[in-house]
Student: 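Below you'll find the structure I mean.
Numbered from 1 within each chain, the chains take letters A, B, ... in sequence-line order.
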Protein chains: 2
Amino acid sequence: MIDDDLVFKALADRTRRQLLDRLFDRDGRTLTELESEFAMTRFGVMRHLRVLEEANLIVTRRLGRKKLHFLNPIPIRLIHDRWIDKYRARRAKALAELKRELEEEAR
Amino acid sequence: MIDDDLVFKALADRTRRQLLDRLFDRDGRTLTELESEFAMTRFGVMRHLRVLEEANLIVTRRLGRKKLHFLNPIPIRLIHDRWIDKYRARRAKALAELKRELEEEAR
DNA sequence: ATGATATGTGACTAAATCATCACCTGTCAA
DNA sequence: TTGACAGGTGATGATTTAGTCACATATCAT
């Protein structure tokens with residue numbers, strides 16, 4: 001079950017978005033591995049991971065004393081579908097790509 | 001310019017998401033029109049609209065003493081692109097559709 | 001077995017956020 | 001021109017949230 005409020009509240013924090021970035025880059029990381037990349041205590045990172053898990057943005061699997069974290073793309077897709085219909089999708093995609101190109105050019 | 005933090009903070013509030021829903025349903029509404037659909041004071045709704053506008057999730061156009069509000073799909077598209085690559089997009093889309101079908105069936 | 005490793009919990013403080021209020025400015029229609 | 005309408009501002013109180021801490025449990029390697 002996907003709860004709107006949990007998903008969006010989870011995404012509202014910068015640290016949690018960065019955690020998703022890390023997992024997008026490579027899945028299956030442990031808490032300790034993730035924690036080492038942040039200037040925050042382990043407890044802070046753990047709390048954030050828990051919020052992400054409760055929002056179903058990540059799923060976990062235990063492996064011995066380790067806990068592996070994986071990105072779940074479904075809630076993100078649902079956000080997209082909520083406010084972008086088929087017509088808009090094409091236009092939004094084209095504009096987003098244009099935006100990226102312009103920003104690359106500006107460097 | 002699109003600021004991550006503004007976008008996600010804007011989306012974190014349920015009222016603001018409902019405002020986007022209204023505009024997704026039909027663009028070009030005025031403040032007064034939107035306000036009448038919420039159990040909140042006009043000031044509250046106005047404040048939320050302002051947050052959405054600052055996050056670039058809506059764009060506005062003045063027409064006399066009226067201010068028309070339009071949905072901007074680009075930030076939503078960028079959220080999608082941030083955590084869903086081409087491979088995942090197909091899978092996430094299929095799963096999201098499956099999820100919707102199952103929920104319809106459950107009725 | 002035992003020390004090191006990996007993850008987990010409840011309580012506390014500081015900071016951010018929501019909703020409301022009284023009051024203000026600009027535009028329209030007759 | 002005048003009254004009604006549409007939108008706008010800054011300050012305030014109540015609620016929520018982020019980050020930290022001391023302390024706890026479970027698993028591994030030797």
Student: What pairs with A:Arg26 under salt bridge (charged side-chain N to carboxylate O under 4.0 Å, His left out), at least two apart in sequence or on another chain?
Tutor: A:Glu33

Student: Other than A:Phe70, which residues form its hydrophobic cluster under the rule that side-chain heavy atoms must be closer than 4.5 Å?
Tutor: A:Val59, A:Leu63, A:Leu68

Student: Just jot down the side-chain contact (heavy atoms from CB on, under 4.5 Å) partners of A:Thr32, sequence neighbours excluded, or say none.
Tutor: A:Thr30, A:Glu35

Student: Between the protein and nucleotides 10-20 of chain C, which nitrogen or oxygen pairs are less than 3.5 angstrom apart?
Tutor:
unit_1 : atom_1 : unit_2  : atom_2 : d
C:dC18 : OP1    : B:Arg16 : NH1    : 3.3
C:dC18 : OP1    : B:Arg16 : NH2    : 2.6
C:dA19 : OP2    : B:His48 : NE2    : 2.4
C:dT20 : OP2    : B:Thr41 : N      : 3.2
C:dT20 : OP2    : B:Thr41 : OG1    : 3.2

Student: Using distance only, find each side-chain donor-acceptor pair of residues 46-55 of chain A under 3.5 Å and give its atom names and separation, not counting sequence neighbours.
Tutor:
unit_1  : atom_1 : unit_2  : atom_2 : d
A:His48 : ND1    : A:Arg16 : NH1    : 3.0
A:Glu53 : OE1    : A:Lys67 : NZ     : 3.3
A:Glu53 : OE2    : A:Thr60 : OG1    : 2.8

Student: Would you call A:Arg100 and A:Glu104 a salt bridge, using N to O less than 4.0 angstrom?
Tutor: no

Student: If I take atom CG in residue A:Leu49 and atom C1' in nucleotide C:dT9, what distance separates them, rounded to the nearest angstrom?
Tutor: 15 Å

Student: Once ring-ring contact (aromatic ring centres under 6.0 Å, His included) is applied, do any residues pair with A:His69, and if so which ones, sequence neighbours excluded?
Tutor: none

Student: Run the salt bridge (charged side-chain N to carboxylate O under 4.0 Å, His left out) test against B:Asp81 and tell me which residues pass, sequence neighbours left out.
Tutor: B:Arg77

Student: Work out how much the helix from C:dA1-D:dT30 to C:dA30-D:dT1 bends between its end axes, five pairs an end, to the nearest 10 degrees.
Tutor: 40°

Student: What residues form a side chain to side chain donor-acceptor pair (under 3.5 Å) with A:Arg82, not counting sequence neighbours?
Tutor: A:Asp4, B:Asp21

Student: So which of residues 59-71 of chain A are in contact with DNA chain C, with a heavy-atom cut-off of under 4.0 Å?
Tutor: A:Arg62, A:Arg65, A:Lys66, A:Lys67

Student: Less than 3.5 Å apart, which donor and acceptor atoms pair up between the side chains of residues 84-95 of chain B and the rest of the protein, not counting sequence neighbours?
Tutor:
unit_1  : atom_1 : unit_2  : atom_2 : d
B:Asp85 : OD1    : B:Tyr87 : N      : 3.3
B:Asp85 : OD1    : B:Arg88 : N      : 2.7

Student: Would a single hydrophobic cluster contain both B:Phe24 and B:Leu19, if residues Ile, Leu, Val, Met, Phe, Trp and Tyr are joined by side-chain heavy-atom contacts under 4.5 Å?
Tutor: yes

Student: When you list every nucleotide of DNA chain D with an atom under 4.0 Å from a heavy atom of chain A, which one comes first 5' to 3', and which comes last?
Tutor: D:dT17 to D:dC28

Student: side-chain contact (heavy atoms from CB on, under 4.5 Å) for B:Val7 and B:Ile76? Distances and angles first, verdict last.
Tutor: CA-CA 9 Å; B:Val7 172; B:Ile76 306 293; 5.9 Å; no

Student: Out of the candidates B:Glu103, B:Glu97, B:Glu101, only one should pair with B:Lys99 under the side chain to side chain donor-acceptor pair (under 3.5 Å) rule; please name it.
Tutor: B:Glu103

